[in-house]
Amino acid sequence: MVLLPDESRSLPPPPLLNKGTLWFGFSGWLAALLDNAFNQRPVLRAGIHRQVLLASLGCFVGYQLVKRAEYVHAKVDRELLEYIRHHPVDFHTGEG
Amino acid sequence: MAAGLRAVRRWGLAVAAAPPRLAFTRSASVVKKANNDQPNWLGVGMAFGTSAALWGFLIKEHAEDEIEYERRKRERRHKSEGCS
């Protein structure tokens, strides 16, 4: 099962700054801070390269996951609307 | 995870006396005390290099996705209006 099938490219790409990027980037940064804490280093000032790397990795993973989530939601929406289109009788809103 | 284990070993040695060893156990692992006085320049370079590569790839991927999306949108509009 591929993470992002080709038809997912027909969707507008999410902005680079989005919930997933922010959250996963933050959690990556937090992991670096925790690593500093567990190794008895100054939490914020030590290992800047580690903080940057893990935050970047988090942003990257977050972006891919947001793309995947948007694809799955769009697919479900499409199937739902197709179903509604094929079964108009079930969806009459009681007019007439 | 190794850091956590290191910390536990540190506390274990400080709190309880070392238990008498009845059997000699062999281990292949060697533990060095981390030296944080000097920067590990190789590690720093690799970390920053990887970060730059990741961001470059991410920004490139985003730009390519935008172009591909616009292209497919135009194609869909072109097809729906009837290929002329």
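Chain letters run A, B, ... following the sequence lines, proteins first, then strands; residues in each count from 1. Side chains are part of it too, since the values below use all heavy atoms of this structure and drop only hydrogens, waters and symmetry mates.
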Original post:
In terms of ring plane angle, is the pair A:F60 and B:F57 parallel, tilted or perpendicular, where the classes change at 30° and 60°?
Top reply: tilted

Original post:
Shared ILVMFWY cluster between A:L16 and A:F24, side chains joined below 4.5 angstrom?
Top reply: no

Original post:
Got a second to check how far B:T50's OG1 is from A:H49's NE2, nearest 0.5 Å?
Top reply: 10.5 Å

**OP:** Let me know if A:L57 has heavy atoms under 4.5 Å from chain B in its side chain, its backbone, both or neither.
**Re:** both

**OP:** Flag the one option from B:M46, B:E64, B:E61, B:K73 with the top tally of heavy-atom pairs under 4.5 Å to chain A.
**Re:** B:E61

Original post:
Given the rule that I, L, V, M, F, W and Y join up when any side-chain heavy atoms are under 4.5 Å apart, are A:L44 and A:I48 in one cluster?
Top reply: no

Subject >> In one Ile/Leu/Val/Met/Phe/Trp/Tyr side-chain cluster, 4.5 Å: A:F91, A:L80 >> reply: yes

**OP:** Decide whether B:W41 and B:F48 are clustered together by the hydrophobic rule: side chain heavy atoms of Ile, Leu, Val, Met, Phe, Trp, Tyr closer than 4.5 Å, transitively.
**Re:** yes

Original post:
With the 4.5 Å side-chain cut-off for hydrophobic clustering, are B:W55 and A:Y63 part of the same group?
Top reply: yes

Original post:
Taking all non-hydrogen atoms of both residues, which atom of A:P13 and which atom of B:D65 are closest, and how far apart?
Top reply: CB-CB, 3.6 Å

**OP:** Report the distance from atom CZ of B:R72 to atom CG of A:L11, rounding to the nearest 0.5 Å.
**Re:** 9.5 Å

**OP:** List the atom of B:A47, the atom of A:L53, and the distance in Å for their closest heavy-atom pair.
**Re:** O-CD1, 3.8 Å

Original post:
Of the backbone (N, CA, C, O) and the side chain (C-beta and beyond), which part of B:R71 lies under 4.5 Å from a heavy atom of chain A, both, or neither?
Top reply: neither

